[in-house]
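Inspection log for the structure reproduced underneath, given as structure tokens.
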2 protein chains.
Amino acid sequence: MARKQGSHAGITGPKVRDVALRLFARYGYAAVSMRQIAREVGVQAGALYLYTPDKQTLLFDLMRGHLDELLSAWAEADKGGPPAARLEAFARFHMRYHLDRPDTIFIAYMELRNLEPDNFAEVERLRDLYEASLIDILDAGRAEGVFQVPDTRLAAKAAISMLNGVTTWFREGGRLGQGEVESIYWDMLRKSVSG
Amino acid sequence: MARKQGSHAGITGPKVRDVALRLFARYGYAAVSMRQIAREVGVQAGALYLYTPDKQTLLFDLMRGHLDELLSAWAEADKGGPPAARLEAFARFHMRYHLDRPDTIFIAYMELRNLEPDNFAEVERLRDLYEASLIDILDAGRAEGVFQVPDTRLAAKAAISMLNGVTTWFREGGRLGQGEVESIYWDMLRKSVSG
DNA sequence: GCTTGATCTGAACGCGCGTTCAGTTACTGT
DNA sequence: ACAGTAACTGAACGCGCGTTCAGATCAAGC
């Protein structure tokens, strides 16, 4: 039997990506089988190949899609203004965006080594693009004298590492709310780049 | 044929762990097969089971061994003194220790999800122990008024995230030397917990 | 020189892997 | 009513997986 009712292409396609995202995040790309994905989608394994040419592309599409969205979301959120304000906006945007998409972010940082070289290069390019927007802010602030950092590229890496750290432990309903955590982290970041 | 010459137990055992460490770090636990490990060690797959009961235990032993060493290394490196000095010692120790063992650290942070529940709990316990030593320093500094942090547990997590970040990009022979990077990171950390 | 035990091989076990494809079903357009 | 096509099944392909184990080999102790 096939296709129990109605057209499914518009449903099954996204569902495949959703399920793959969740399973890859939980168990890791290498540990998840196509049959396992198919089972949770509710189809046989063969049907997955109507929506992706292979498993590797499935992973790559998830990563590139994430980075595309991240870049355009920040482009929209960036209101300009003085560097200090832009940095705060960046920090809060980054934490909020990441906390809202834990699975996506987990994959983006953990499954890099499972990308084939070409795919890895493209993902890295997009990541550098995002990092560059933070470096821009730090450069602008240093030029104005409001930030004191010996090396903005290094500071950008340190800042992103710190902000990313939130995603590894924060859980809704814990000791502190998301807003409090955001403020505390922002405060630490602010001081770290100031005199 | 078996055992070409001399006794090998003292050689093969550590070699298995070394190879497993390197391969797990490069390709991920799930993506590395026992046959692949055996090939690089120079034995047949069956021989590995003289040195580990199974693949999972091999991973767990690497992790627990790492954390045991980390804890005792810090216990030895911690010279006490005023909180600011202890924090600097911690930061520099942490970066140096991690940069010296990139493969070990990579596994310790990436393969947690591949640990069975009991093993995970033990690893988490040891990690919390290490984090607690940083929290102690921050608490002491706050009590003396030299650190201004609203939440020492949060600050400890933020600090460790930031310091860990170094390991994801630093390569010997790059734009900056290890000493410079250490100093810049320490400076950012120092400011982030100060008024 | 013989036995003992440590060390390792080589083959095998059942199983699941990613992927392909001929065939089947259910809907759509005419 | 019928053809066409989108969506999917179910079986199969060759292959590698983790693990076990009987047997081979060599070093050491008596």
Side-chain angles (χ1 to χ4, degrees), chain A residues 1-24 26-63 107 111 113-116 118-119, chain B residues 1-24 26-63 107 111 113-116 118-119:
Chain A
M1 99 198 82
R3 202 143 61 122
K4 325 253 169 53
Q5 60 186 22
S7 178
H8 282 164
I11 296 171
T12 308
K15 202 168 176 185
V16 167
R17 278 183 286 277
D18 285 356
V19 169
L21 182 74
R22 202 180 67 243
L23 293 180
F24 287 167
R26 179 123 62 199
Y27 304 107
Y29 171 76
V32 173
S33 72
M34 294 299 269
R35 278 170 240 262
Q36 198 177 342
I37 295 171
R39 198 182 317 128
E40 297 228 2
V41 171
V43 297
Q44 293 295 317
L48 297 180
Y49 291 85
L50 293 167
Y51 305 99
T52 182
D54 48 44
K55 193 186 175 191
Q56 165 74 201
T57 306
L58 188 52
L59 174 62
F60 175 57
D61 285 346
L62 290 174
M63 290 224 200
I107 290 176
E111 301 297 352
R113 63 179 159 189
N114 285 311
L115 287 174
E116 287 162 7
D118 286 359
N119 293 341
Chain B
M1 106 195 78
R3 200 146 57 126
K4 324 253 167 55
Q5 60 185 21
S7 178
H8 281 166
I11 297 172
T12 307
K15 203 169 176 184
V16 167
R17 277 182 286 277
D18 285 357
V19 169
L21 183 73
R22 203 179 66 244
L23 293 180
F24 286 167
R26 181 121 65 199
Y27 304 107
Y29 171 77
V32 173
S33 72
M34 294 299 270
R35 277 169 242 261
Q36 198 177 342
I37 294 170
R39 198 182 317 129
E40 298 227 5
V41 170
V43 297
Q44 294 294 319
L48 297 179
Y49 291 85
L50 293 166
Y51 304 99
T52 181
D54 49 43
K55 195 185 174 191
Q56 165 74 202
T57 305
L58 189 50
L59 174 63
F60 175 58
D61 285 346
L62 290 174
M63 290 223 200
I107 290 175
E111 301 297 352
R113 64 178 158 192
N114 285 311
L115 288 174
E116 287 161 8
D118 286 359
N119 294 342

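Only heavy atoms go into these numbers, but all of them, side chains included; no hydrogens, no water, no symmetry mates. What you see is a predicted model, and the numbers here were worked out from it, not measured in a lab. All chains are named by letter (A, B, ...) in the order of the sequence lines, taking the proteins before the strands, and each is independently numbered beginning at 1.
- Here the C1' atom of nucleotide C:dT9 and the CG atom of B:L50 are 11 Å apart, to the nearest Å.
- The phosphate of D:dC8 has OP1 or OP2 within less than 4.0 Å of a side-chain N or O from A:T12.
- In this structure B:S33 satisfies the side chain to side chain donor-acceptor pair (under 3.5 Å) test with no other residue, sequence neighbours excluded.
- The side-chain contact (heavy atoms from CB on, under 4.5 Å) check on A:D54 picks up A:Q56, A:T57, with sequence neighbours excluded.
- A salt bridge does not link A:K55 with A:E111: none of the charged nitrogens is closer than 4.0 Å to a carboxylate oxygen.
- In terms of the side chain to side chain donor-acceptor pair (under 3.5 Å) criterion, A:Q36 has no residue partners (sequence neighbours excluded).
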What pairs of donor and acceptor atoms, side-chain ones from residues 40-49 of chain B against any protein atom, are under 3.5 angstrom apart with sequence neighbours left out?
unit_1 : atom_1 : unit_2 : atom_2 : d
B:E40  : OE1    : B:R22  : NH2    : 2.3

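- Under 4.0 angstrom from either OP1 or OP2 of D:dC8 there lies at least one side-chain N or O belonging to A:Y51.
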field: Protein-to-nucleotide contact annotation, 5' to 3' order, nucleotides 15-22 of chain C [B base; S sugar-phosphate only; - none; under 4.0 Å, heavy atom]
entry: --BBBB--
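- Residues meeting the salt bridge (Lys or Arg N to Asp or Glu O under 4.0 Å) test with A:D61, sequence neighbours left out: A:R64.
- A straight line from CD of B:Q44 to P of C:dA12 spans 14 Å, rounded to a whole angstrom.
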